[in-house]
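One-based numbering, in listed order, for ligands and for the atoms of each. The chain is numbered in sequence order, starting from 1.
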Amino acid sequence: MLPSKILKPNEQEVQAMADNIAKKEEIKTQILGKLKRHFGKTLEEATKDQIYKSCALSIRDVIVEKWTDANKQVLNQGLKRLYYLSAEFLMGRALVNNMINLHLLKDYQEVLSDMGISLDDIEEQERDAGLGNGGLGRLAACFLDSLSTLDLPVTGCSIRYEFGLFRQRILDGEQVEVDDNWLEAGNVWEIPRPEEQVEVRYGGELEEIWTDRGLKINHKNYYSVLAIPYDYPVIGYMSKMPATLRLWSAKAKTGLDMHYFNRGDYARAMQERELAEVISKVLYPEDNHEQGRQLRLKQFYFFTSATMQHMVHKHKANYGDLHTLPNYFTVQINDTHPTLAIPELMRILMDEEGMGWEEAFDICGRMFNYTNHTIMSEALERWEEDMFKELLPRIYEIIKVINDKFCSRLWDVYPGEWDKISKMSIIAYKEIRMANLCIAVCSKVNGVSKLHGEIIKSRTFRDFYVVFPDKFLGITNGITHRRWIAKANQPLTRLLADHIGDGFLKDYKEMDRIADLLDDPKFLDDFMEVKRQNKIRLRDHLKKTQCIEINENTIFDVHAKRLHEYKRQLLKVLHILHLYNLKKENPAVQLEPCTFIFAAKASPGYARAKNIIRLILAVADLVNNDPDTRGVLQVVFIENYSVSEAEIMIPAADISEQISTAGLEASGTGNMKFMMNGAVTLGTMDGANVEIYEAVGEDNIFIFGATEREISRMERYGTYKPGEYYEQNTDLRQALNRLIDGTLPVANDRQFSDLYHSLLFGDMDRADKYYLLYDFASYSQGYERAVSAYQDAARWKRMAATNTAKSGVFSSDRTIHEYNDKIWRLREMT
Ligand code: 26W
């Protein structure tokens with residue numbers, strides 16, 4: 001017999017049950033109401049897409065309610081707001097994330113299930129908002145979640161690209177790009193605000209007019225485009241202060257040009273319109289490689305000009321006095337792409353508001369801050385001077401004056417040192433250098449990990465650091481553990497909540513309490529059971545989406561990130577070829593069964609990166625079909641790496657490959673997502689790997705390879721000779737030879753001699769620019785160490801759980817606290 005206390009709920013429990021039923025009834029009414037009013041459908045008649053939209057609209061109502069109140073509060077409380085300017089926001093899907101953050105997930109799951117609908121099915125109706133290439137864009141998205149969770153007011157500003165990052169398909173062993181028309185079926189989260197449109201001007205000429213109030217600049221013969229804002233509320237966890245993501249869309253000022261239309265020239269009549277609207281048409285798919293194209297410059301001016309105009313209007317309407325602007329706004333420039341916000345604000349303050357240069361410049365200096373995300377020289381943004389001047393004549397003039405003043409200041413510090421000054425100059429050799437402009441004006445310049453923060457001081461921007469030591473700092477990136485644990489890994493979330501409660505979702509520091517569980521054998525077993533479930537989920541997903549079968553009882557060794565030579569997917573492939581050779585040479589050799597999982601998009605114009613994908617696919621074909629290796633080694637390429645794919649892949653990983661050439665990965669954030677989900681890192685001492693190493697300790701990570709110092713020494717003295725490694729290391733030589741010896745199954749006998757040559761002889765560049773051959777032996781040992789740790793199940797589960805336990809500092813909540821203490825000084829909304 002059960003004691004009566006259990007049988008009979010007390011009064012409070014009865015009340016809670018009643019509230020729960022009422023809440024669920026209300027959710028159901030909301031969903032059905034949306035279906036009826038928005039689509040004229042009953043539940044029985046509705047499509048999955050309509051049900052998705054109705055759920056989303058009902059959730060949106062809850063958020064918008066909070067949003068409107070919060071925005072009023074920001075004004076009432078006189079709070080400063082952050083404008084986070086970024087060319088990219090890689091948001092992914094919103095529905096389930098919003099449900100989690102509003103604490104409504106379980107209720108929606110139950111309501112839908114009572115209606116015979118699975119939330120998983122509904123979730124899949126939503127298209128990823130893929131408005132970003134990789135790390136920088138995803139960081140911006142994580143930041144919005146954390147800022148909102150911490151109740152700090154922020155508006156993220158960017159472009160409403162009609163086409164996001166291309167979708168990747170694999171066809172005949174190659175990457176094929178498919179357009180990402182993500183707005184095709186409409187977007188329920190966005191709220192257009194045509195009443196807040198502004199005009200952005202390009203081209204034309206300048207005229208100087210002397211008036212009794214001084215010199216006035218008249219900009220004439222320009223052409224202009226309308227910028228229409230679309231706002232998305234983004235709610236953090238249990239937040240009072242939803243963030244705003246404001247995306248600007250380009251629209252022609254006029255409809256059809258009736259002058260041509262009346263003459264029957266319809267194509268011409270639409271031309272102007274098309275030229276205007278192309279500005280927000282597509283996200284450039286390049287990552288870490290800049291090509292100064294005019295349309296890209298137009299895009300950047302478009303959203304920064306619109307944002308600055310909007311900010312000034314808003315401030316004037318609320319406070320009247322522009323001198324107080326820095327008290328109410330602070331602007332973060334996410335890499336150099338939004339730099340034009342600086343001269344644009346100067347222009348508005350001077351030309352439109354009549355402020356003098358000195359004061360306008362002082363205001364800009366106090367408001368702007370710049371984050372650098374890469375030291376790859378090919379990614380440092382430069383614009384061709386003549387093109388720039390023609391497209392943005394007034395902005396060009398302002399930059400020129402900033403540069404003149406800046407250089408004369410440098411002259412005082414370095415009299416006569418022309419070389420140094422021309423290196424630091426904003427305009428030189430017919431180019432405009434955006435990073436130099438940022439450093440000259442901004443209050444703070446930050447790197448994105450400890451190591452990267454040091455590298456920008458000691459190398460990339462050394463000369464600037466000498467003049468402005470107080471400007472520079474490093475703030476290590478982070479990731480939102482709401483999306484990367486609570487959303488991506490619900491079994492882990494439940495396990496953690498059972499032990500430490502769910503308070504860690506609001507307060508990342510509570511994650512430290514997981515460390516107390518590392519001696520609890522039951523917890524460790526449950527932790528590994530969660531991993532197994534996630535591996536099975538990935539297995540089923542791959543079966544469904546790509547008809548690929550993988551075995552969850554093997555090691556899942558994952559390398560997922562953009563494809564770039566410095567990230568060294570090629571090193572990993574060479575190592576797989578080495579394992580293949582071992583098995584071919586001696587079929588009796590026992591290898592631990594391993595599934596090597598790759599996921600990576602290559603920029604369409606980056607031929608070598610696409611070739612590396614082709615190689616991965618060819619190696620997969622070879623290894624997966626050879627009877628000697630089948631069932632032991634499997635290579636899988638997951639198509640279309642995106643936020644939603646990452647959410648399934650990352651929780652399933654055992655080993656996280658973070659193998660960039662030391663000194664080149666500014667931080668990495670994938671590394672954090674993997675370790676947070678209990679994967680063990682196999683990596684170099686690069687970017688935030690260094691800090692992961694510090695957090696988990698040397699026993700819980702596999703570090704290999706040259707350090708940043710060793711690499712920079714070799715760079716400086718040019719001592720590296722890859723050929724010597726090829727000669728001396730048989731394993732390496734045999735692996736490399738596979739690229740050209742005809743083993744690899746490829747169409748039309750297109751071997752990989754170009755990759756082979758680039759490693760051994762170099763073509764346009766030095767041979768093996770990224771030190772793959774140098775690190776090969778060390779990588780191979782690192783892999784062996786990881787595998788033997790895995791074979792010791794007791795050791796491995798502790799390592800895996802330790803990674804999760806130590807991941808709290810990599811929450812973007814910690815990162816935002818640091819930015820706020822050191823840069824923004826925002827107050828939370830109360
Ligand atoms: C085409 C021009 C261009 C140049 C650079 C496009 C995009 C970039 C980004 C700065 C590249 C990028 O995403 N960098 C990554 O930023 C992450 C967030 O800070 C870091 O974690 C990665 O290490 C860094 O590669």
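Those atoms of ligand 1 with a heavy atom of Ala666 less than 4.0 angstrom away are 23 (O). Close approach of ligand 1 to Tyr566 (heavy-atom distance below 4.0 Å) involves ligand atoms 25 (O). Contact atoms of ligand 1 toward Asn477: 18 (C), 19 (O), 20 (C), 21 (O) (distance under 4.0 Å to a heavy atom of the residue). In summary, the atoms of ligand 1 found under 4.0 Å from a heavy atom of Gly668, numbered by their order in the structure, are 20 (C), 21 (O), 22 (C), 23 (O).
For Tyr779 and Phe704, the distance between ring centers is under 6.0 angstrom. Aromatic ring centres of His564 and Tyr606: separated by under 6.0 Å.
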Where do Asn477 and Thr669 land on the side chain to side chain donor-acceptor pair (under 3.5 Å) test, with the steps shown first?
CA-CA 7 Å; Asn477 282 166; Thr669 46; 5.7 Å; no
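Using cut-offs of 30° and 60° on the angle between ring planes, the pair Phe143 and Tyr84 is perpendicular. Classified by interplanar angle (parallel below 30°, tilted 30° to 60°, perpendicular above 60°), the ring pair Phe388/Tyr396 is tilted.
With Tyr161 as the aromatic partner, Lys281 does not meet the cation-pi criteria of under 6.0 angstrom to the ring centre and within 45 degrees of the ring axis. Note that Lys298 lies outside the cation-pi zone of Phe302, set by a 6.0 Å cut-off to the ring centre and a 45° limit from the axis.
The closest protein non-hydrogen atom to atom 1 (C) of ligand 1 is His289 O, 2.9 Å. Of all protein heavy atoms, the one closest to atom 14 (N) of ligand 1 is His373 O, 3.5 Å. Scanning all protein heavy atoms for the shortest distance to atom 25 (O) of ligand 1 gives Glu665 OE1, 3.0 Å. Protein heavy atom in closest approach to atom 2 (C) of ligand 1: Glu290 OE1, 3.0 Å.
Ligand 1 has no N or O atom lying under 3.5 Å from any N or O atom of Asp335, backbone or side chain. Among the atoms of Arg296, none of the N or O lies under 3.5 angstrom from an N or O of ligand 1. Considering backbone and side-chain N/O of Ser667, one or more are found under 3.5 Å from N/O of ligand 1.
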